[in-house]
Amino acid sequence: QQYAQMVYKFLLSRTCNQDLAEELTQETFYQAVKSIHRFDNSCAISTWLCAIAKNQFLSYKRKHPITDEIESYDEPSPSAEDDVIAQRNRTELLRRLHLCPEPYREILYLRIFGALSFKEIGDIVGKTENWARVTFYRGKEKLRKELEENEK
């Protein structure tokens, strides 16, 4: 119970699909219970669970190749024109985000789509909360500059 929400948010940041994130969260905890004997306390349990979750996600991706479309959870736009503009901007943002180098890409995904705290992000990647904050800021600034240059 203590880690379920964090694992769910982590998977939601990867899948952008609530149902799939729930399914993979359940599978993550099933696998964790099956392999609890392998947990050696060399890392935080949250890090271990997120590693299992990441493996579950990668396994799912191998078994179910997906298109580049990402489901949108945004509220409907007031007009068709606004909807087209919003979708174009979202697509461009996601394209740029996908091209970001690591670790920026993962930190941005976890913060934006997973809505994780900087402390949770730090725990997941095995770094400090401050490192997660700085990395997020630098990644966000890199994205902002690229989007501004694209508009010119």
Side-chain angles (χ1 to χ4, degrees), residues 2-29 32 42-152:
Q2 182 180 353
Y3 299 104
Q5 190 66 16
M6 183 195 63
V7 170
Y8 170 76
K9 287 179 179 179
F10 173 77
L11 287 164
L12 184 61
S13 75
R14 297 294 177 121
T15 63
C16 297
N17 179 310
Q18 294 173 339
D19 294 331
L20 180 57
E22 286 178 17
E23 181 181 326
L24 291 175
T25 299
Q26 290 176 359
E27 186 61 29
T28 296
F29 282 96
S42 64
C43 64
I45 192 133
S46 58
T47 303
W48 182 67
L49 289 169
C50 284
I52 294 171
K54 184 177 181 181
N55 288 334
Q56 291 303 311
F57 172 65
L58 294 174
S59 176
Y60 178 85
K61 276 181 57 174
R62 280 191 299 273
K63 292 177 184 174
H64 304 91
I66 57 174
T67 65
D68 287 335
E69 283 186 38
I70 295 179
E71 291 184 33
S72 173
Y73 295 106
D74 295 338
E75 293 295 320
S77 298
S79 70
E81 294 85 6
D82 288 341
D83 192 37
V84 168
I85 291 168
Q87 186 60 36
R88 186 174 297 145
N89 289 340
R90 179 179 169 85
T91 301
E92 182 60 26
L93 173 64
L94 289 171
R95 182 178 296 116
R96 295 288 178 170
L97 185 56
H98 180 71
L99 295 174
C100 269
E102 291 296 345
Y104 302 124
R105 178 179 27 192
E106 182 173 18
I107 302 307
L108 288 165
Y109 274 128
L110 291 173
R111 182 70 178 170
I112 295 168
F113 298 112
L116 296 174
S117 71
F118 291 115
K119 181 173 180 0
E120 290 171 320
I121 293 169
D123 287 344
I124 289 169
V125 298
K127 303 280 186 176
T128 65
E129 178 179 349
N130 191 47
W131 179 90
R133 284 180 190 278
V134 170
T135 305
F136 176 77
Y137 175 78
R138 289 178 181 165
K140 183 176 71 170
E141 286 301 303
K142 182 175 177 46
L143 264 180
R144 185 184 58 75
K145 287 177 185 174
E146 288 178 7
L147 289 170
E148 285 175 358
E149 289 173 7
N150 191 43
E151 289 177 1
K152 294 178 181 178

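In what follows, every heavy atom counts, from backbone to side chain, and hydrogens, waters and symmetry copies are set aside.
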Problem set entry | Those residues that, when tested against E23, pass salt bridge (charged side-chain N to carboxylate O under 4.0 Å, His left out) (two or more places apart) | none

Exercise. Under 4.5 Å between any side-chain heavy atoms of I112 and F136, yes or no?
Worked result: yes

For this session: Measure the OG1-CD1 distance between T128 and I121 for me, rounded to the nearest 0.5 Å.
Result: 12.0 Å

For this session: Write down the atom of L110, the atom of S13, and the distance for their closest heavy-atom approach.
Result: CD2-OG, 3.3 Å

Exercise. Taking 4.0 angstrom as the limit, do R133 and E129 come out as a salt bridge?
Worked result: yes

For this session: Enter the distance from S59:OG to L24:CG here, rounded to the nearest 0.5 Å.
Result: 9.0 Å

Problem set entry | Other residues, nucleotides, ligands: >12 heavy atoms within 6.0 Å of R144 CZ | yes

Exercise. How far apart are the closest heavy atoms of A132 and G122, and which atoms are they?
Worked result: CB-N, 4.0 Å

Exercise. Measuring from C50:SG to I45:CD1, what's the distance to the nearest 0.5 Å?
Worked result: 11.0 Å

For this session: Give, for atom CG of N17 and atom OH of Y60, the distance between the pair rounded to the nearest 0.5 Å.
Result: 7.5 Å

For this session: For residues L116 and K9, report the shortest heavy-atom separation together with the two atoms involved.
Result: CD2-CB, 3.2 Å

Problem set entry | Criterion side chain to side chain contact (heavy atoms under 4.5 Å, CB included) on F10 and T25, from CA distance to verdict | CA-CA 9 Å; F10 173 77; T25 299; over 6 Å; no

For this session: Rounded to the nearest 0.5 Å, what's the gap from CH2 on W48 to OG1 on T28? Could you check?
Result: 10.5 Å

Exercise. Mind checking what makes side-chain contact (heavy atoms from CB on, under 4.5 Å) contact with A44, not counting sequence neighbours?
Worked result: S46, T47

Exercise. Can you tell me how far the CZ atom of F29 sits from the CD1 atom of I52, to the nearest 0.5 Å?
Worked result: 9.0 Å

Donor-acceptor pairs under 3.5 angstrom involving side-chain atoms of residues 96-108: please list them, not counting sequence neighbours.
{"residue": "R96", "atom": "NE", "partner": "E92", "partner atom": "OE2", "Å": "2.7"}
{"residue": "R96", "atom": "NH2", "partner": "E92", "partner atom": "OE2", "Å": "3.4"}
{"residue": "R96", "atom": "NH2", "partner": "N150", "partner atom": "OD1", "Å": "3.3"}
{"residue": "E102", "atom": "OE1", "partner": "E106", "partner atom": "N", "Å": "3.3"}
{"residue": "E102", "atom": "OE2", "partner": "R105", "partner atom": "NE", "Å": "2.9"}
{"residue": "E102", "atom": "OE2", "partner": "R105", "partner atom": "NH2", "Å": "3.3"}
{"residue": "R105", "atom": "NH1", "partner": "H98", "partner atom": "O", "Å": "2.9"}
{"residue": "E106", "atom": "OE2", "partner": "R14", "partner atom": "NH2", "Å": "2.8"}

